[in-house]
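For reference, the structure discussed in these notes is given below.
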Amino acid sequence: MRTVMYILTTLAVVGLAFWAYRENYATQQALSDADKLHANIRNAHERLAVLRAEWAFQNRPDRLRDLANLNFDRLGLLPLHPGQFGQVDQVAYPPAPLLPITEPVDVSTMNYDALNGVAEETAQ
């Protein structure tokens with residue numbers, strides 16, 4: 001009986017060692033993947049910062065004004081006047097959509113039934 005217990009204990013230790021070995025490598029792989037994701041996020045933030053800086057540089061008012069003056073005839077641009085702008089109350093907004101009726105209620109007989117019930121109760 002002792003021999004069987006020794007064999008079972010040895011198998012349990014070997015099984016747990018194998019499980020721990022696999023979990024260790026799975027954890028190391030997950031940490032490596034997380035580090036790669038953090039690096040990708042860091043690179044994306046850097047690219048986004050560069051793109052924002054380029055956008056701000058390209059949209060400088062003096063640069064846009066110079067481009068508009070340079071291409072004025074070719075683009076057919078007209079100067080803006082205050083009269084070209086409308087008021088908010090002049091904007092035609094679309095009407096709000098009607099909600100679909102999913103559970104219709106027949107109200108033509110509803111009041112009649114309710115009144116008859118009240119009349120019967122008061123008569124008793």
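Just so it is clear, the model here is predicted, and its values are computed rather than measured. Position 1 is the first residue of the sequence, and the numbers go up from there.
Under the side-chain contact (heavy atoms from CB on, under 4.5 Å) test applied with Tyr25, the options Gln29, Glu23, Arg22, Gln28 reduce to a single match, Gln28.
The CD atom of Gln90 sits 13.0 Å away from atom CZ of Phe85, with the distance rounded to the nearest 0.5 Å. One distance of note links CG of Asn71 with CG of Asp66; it measures 11.0 Å at 0.5 Å rounding. Note that the NE2 atom of His81 and the CD atom of Gln84 stand 5.5 Å from one another [nearest 0.5 Å]. Separation of atoms OG1 (Thr10) and CE (Met5) is listed at 11.0 Å; rounding is to 0.5 Å.
Between Gln58 and Arg63 the shortest heavy-atom distance is O-NH1, 2.6 Å. In terms of heavy atoms, Asn59 sits closest to Leu64 at O-CD1, 3.8 Å.
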Test side-chain contact (heavy atoms from CB on, under 4.5 Å) applied to Val91 and Tyr93, step by step: CA-CA 6 Å; Val91 176; Tyr93 292 103; 3.7 Å; yes
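Side-chain contact between Arg42 and His45 is absent, with no heavy atoms from C-beta onward closer than 4.5 Å. Side-chain atoms of Val4 and Tyr6, non-hydrogen and from C-beta on, never get closer than 4.5 Å to each other. Side-chain contact between Asp35 and Ser32: absent, with no pair of heavy atoms (C-beta onward) separated by less than 4.5 Å.
More than 12 heavy atoms of other residues, nucleotides or ligands shown are found within 6.0 angstrom of CG on Leu75. Counting non-hydrogen atoms of neighbouring residues, nucleotides and ligands closer than 6.0 angstrom, the CZ atom of Arg74 reaches no more than 12 such neighbours.
Using a 4.5 Å cut-off between side-chain heavy atoms of Ile, Leu, Val, Met, Phe, Trp and Tyr, with links allowed through other members, Val14 and Leu16 fall into different hydrophobic clusters.
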